[in-house]
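Data block below; observations after.
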Number of protein chains: 2
Amino acid sequence: MSQQLPPLTALRVFEAAARHGSFTKAATELGMTQAAVSYQIKLLEERVGTPLFLRKPRQVVLTETGSRLAPAVGDAFNILGEAYAAARAGSGGTLCISTVLTFASNWLARHIGSFQMRHPAIAVRLDTSSHMVDFAREEVDIGIRSGDGAWPGLVSHLLFRAQYTPMLSPRLADSIGGVKEPADLLKLRILDPTDVWWKRWFELANVPTDSLEGRPDTSMGSQAYEANAAMAGQGVAILTRKFFTNEIAEGRLIQPFDLLGDDGHAYWLVYPEARRNVPKIRAFREWILPEIADFGG
Amino acid sequence: MSQQLPPLTALRVFEAAARHGSFTKAATELGMTQAAVSYQIKLLEERVGTPLFLRKPRQVVLTETGSRLAPAVGDAFNILGEAYAAARAGSGGTLCISTVLTFASNWLARHIGSFQMRHPAIAVRLDTSSHMVDFAREEVDIGIRSGDGAWPGLVSHLLFRAQYTPMLSPRLADSIGGVKEPADLLKLRILDPTDVWWKRWFELANVPTDSLEGRPDTSMGSQAYEANAAMAGQGVAILTRKFFTNEIAEGRLIQPFDLLGDDGHAYWLVYPEARRNVPKIRAFREWILPEIADFGG
DNA sequence: ACGACCCATTAAGAGCCCTTATGCATAGGA
DNA sequence: TCCTATGCATAAGGGCTCTTAATGGGTCGT
């Protein structure tokens with residue numbers, strides 16, 4: 001039951017012309033030429049079957065039919081305009097971030113406050129579901145992902161590489177007279193000794209990894225938990241360095257060696273290419289990139 | 001303060017898609033391809049700045065933004081559609097005829113009833129103002145004019161030529177023992193002897209016109225009045241034959257001679273070319289042309 | 001009477017929108 | 001599990017509407 005709607009552009013032109021009582025002024029408002037207005041009105045008149053304007057010497061005036069049509073058209077366009085504007089504005093209201101849990105708990109949770117301070121009008125919703133979000137199927141604005149940065153259709157900004165290095169509390173280090181060389185770490189309890197990062201890091205450091213075998217599995221499943229254990233002095237953890245810059249700065253953890261492991265993957269900010277200029281996405285991008293860059297070397 | 005309205009065609013497509021929850025069905029309803037719907041929705045989403053649909057496996061569902069936008073757009077299009085339909089229908093309601101007075105009083109007044117019988121939904125308004133109507137400046141649907149039928153931008157249908165001939169009442173004819181030849185008329189009182197038609201007609205009839213000079217001027221300014229005078233037996237009038245076919249058929253007037261004068265002009269039905277298919281105009285045209293043709297030879 | 005203003009009209013060109021054709025993903029059935 | 005049907009996305013190309021630009025007519029104000 002299609003309503004057989006009239007040519008909509010013609011209606012819009014008609015509405016403006018009716019409001020102004022002038023084709024020229026309507027043309028100016030709509031950013032087109034007077035000839036275009038004249039053409040569109042004539043088109044609409046032919047569709048309706050009757051003139052809508054009487055062409056008087058220095059002005060045009062609505063015919064009876066025209067004056068019945070005009071207010072309704074005006075109302076309709078007002079509704080349309082308001083709804084559209086609301087949708088446009090509303091689309092800036094909530095920023096939905098889908099992020100890997102590690103990043104959310106180790107970095108975002110502690111920094112998102114400064115984003116909210118800067119953009120109080122943007123509500124932030126975090127979605128830490130584990131699956132890789134599909135922007136076409138879920139209402140998500142931006143994602144933070146771990147991977148190689150190559151996702152078709154998405155813009156990817158490198159946040160930082162996932163470089164890892166051992167960390168422990170100062171007190172624990174002191175307890176063995178300081179950590180001077182990598183092998184010293186083996187004197188301590190290794191948090192999650194089954195983590196492949198440990199094996200790789202000791203190999204980078206040219207330390208035999210035999211003694212890692214057989215140690216009790218203390219895996220806690222998350223860097224955040226292991227970091228807490230390390231800060232509590234319960235052992236030495238191997239952690240993503242960037243996540244704990246604050247703790248190091250505050251002296252709650254120390255990074256005894258500059259040596260960094262790198263498993264090749266990284267954290268990326270991603271969003272659909274088509275939406276790169278959406279205000280809230282732009283706002284987040286322009287906040288997080290400098291924030292990450294400033295954030296420790 | 002232009003509202004910066006969205007692309008209207010895209011909105012119409014969006015409205016249909018939202019209603020159906022399917023691009024394919026929306027395409028069917030709108031009579032276009034699914035690809036076109038997809039294109040328009042994408043366009044609109046880019047303008048709005050946020051997706052309006054989530055693409056689920058076998059269907060599309062509105063996002064939050066989309067579901068806020070949809071009802072308002074639906075309302076707006078309903079208003080638009082109704083107003084447009086009303087204007088379209090309303091344009092068929094009244095037929096305004098601008099006509100020369102002679103035609104109105106001598107022909108139209110007696111025949112218009114049959115048009116109204118056939119089209120009871122069409123109200124007829126007659127405008128017998130004397131100036132030649134300008135369809136661009138006045139709310140007039142059709143005109144009946146006297147002239148040569150060449151008016152740019154207008155369609156002209158010949159109604160009949162303005163052929164004139166003497167007419168008188170049967171009683172008056174009998175009073176002089178019948179009118180046998182044109183010269184007999186000069187025995188009678190000539191209604192409006194200054195009318196150029198008389199001179200021309202007598203010339204056609206090879207009758208000297210000298211005796212027309214000096215007769216009292218009985219001009220009444222209108223054929224209708226002169227016809228009434230003739231029917232009352234007050235004299236012989238020279239009249240447009242077509243206008244008085246009825247009176248002749250009913251025996252109230254007689255046309256003593258077949259000889260017809262013709263001053264070259266005629267009565268025409270005219271209307272703007274662009275409106276030839278407007279229902280009420282078509283209805284009038286399709287009524288009057290046969291009506292005139294049937295109407296006496 | 002002349003200039004300013006406004007609308008109508010015309011021809012030519014640009015840009016949008018639609019179509020066709022194809023690909024991808026999912027769901028349902030065998 | 002494979003196959004088919006369904007639904008949406010995408011790319012390329014062409015038709016067509018609409019715009020632009022230029023011109024003319026008509027009226028009002030000076």
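So that the names make sense, note that chain A is the first sequence line, chain B the second, and so on, each numbered from 1. Since the structure is predicted, the reported quantities are computational estimates derived from the model, not experimental observations. Only this structure's heavy atoms are used, side chains among them; waters, hydrogens and symmetry mates stay out.
- His119(A) and Phe115(A) have tilted rings, their planes meeting at an angle from 30° to 60° on a 0 to 90° scale.
- Between the side chains of Arg275(A) and Thr50(B), at least one donor N or O sits under 3.5 Å from an acceptor N or O.
- The distance from atom NZ of Lys56(B) to atom C1' of dT6(D) is 18 Å, rounded to the nearest whole Å.
- Here Arg55(A) reaches the OP1 or OP2 of dA8(C): one of its side-chain N or O atoms lies under 4.0 Å away.
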- Letter by letter from the 5' end, nucleotides 10-17 of chain C scores (B base, S sugar-phosphate only, - none; protein heavy atoms under 4.0 Å) -------S

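- The overall bend of the helix from dA1(C)-dT30(D) to dA30(C)-dT1(D), read as the angle between its terminal helix axes built from five base pairs each, is 30° when rounded to 10 degrees.
- Nucleotide dT17(D) holds its P atom 17 Å from the CE atom of Met32(A), rounded to whole Å.
- Under the 3.5 Å distance criterion, with hydrogens and angles disregarded, a donor-acceptor pair is assigned to the side chains of His20(B) and Glu29(B).
- Counting any heavy atom pair closer than 4.0 Å across all strands shown, Thr33(B) reaches a base atom.
- Contacts of Thr24(B) with the nucleic acid, taken as non-hydrogen atoms under 4.0 Å apart, involve only primed sugar atoms and P, OP1 or OP2.
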- Stepwise, does the ring pair (Phe, Tyr, Trp, His ring centres under 6.0 Å) test hold for Phe243(A) with Phe160(A)? CA-CA 10 Å; Phe243(A) 284 155; Phe160(A) 50 78; 5.5 Å; yes

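- Between Arg68(A) atom CZ and Leu52(A) atom CG the span is 10.5 Å, to the nearest 0.5 Å.
- Using a 4.0 Å cut-off, no side-chain N or O of Ser38(A) falls inside it from OP1 or OP2 of dC7(C).
- Checked against a 6.0 Å centroid threshold, the rings of Tyr84(A) and Phe77(A) do not count as neighbours.
- Distance, Leu30(A) CG to dT20(D) P: 11 Å, rounded to whole Å.
- Put simply, CD on Glu273(A) is 14 Å from C1' on dT10(D), counting in whole angstrom units.
- Judged by distance alone, the side chain of Glu45(B) and the main-chain N or O of Phe53(B) form a donor-acceptor pair under 3.5 Å.
- Looking only at distances, a side-chain donor or acceptor of Asp141(A) sits under 3.5 Å from a matching main-chain atom of Cys96(A).
- Distance CD (Glu46(B)) to P (dA9(D)): 12 Å, rounded to an integer number of Å.
- Tested against His157(A) for a side-chain hydrogen bond (donor to acceptor under 3.5 Å, both in side chains), the candidates Trp268(A), Tyr267(A), Tyr271(A) yield a single pass: Tyr271(A).
- Across the protein-nucleic acid pair, Leu54(B) atom CG and dA9(D) atom C1' stand 16 Å apart, rounded to whole Å.
- For the pair Arg47(A) CZ and dT17(D) P, the interatomic distance rounds to 10 Å; values are reported in whole Å.
- Look at CG on Leu8(A): it is 15 Å from P on dT17(D), rounded to the nearest Å.
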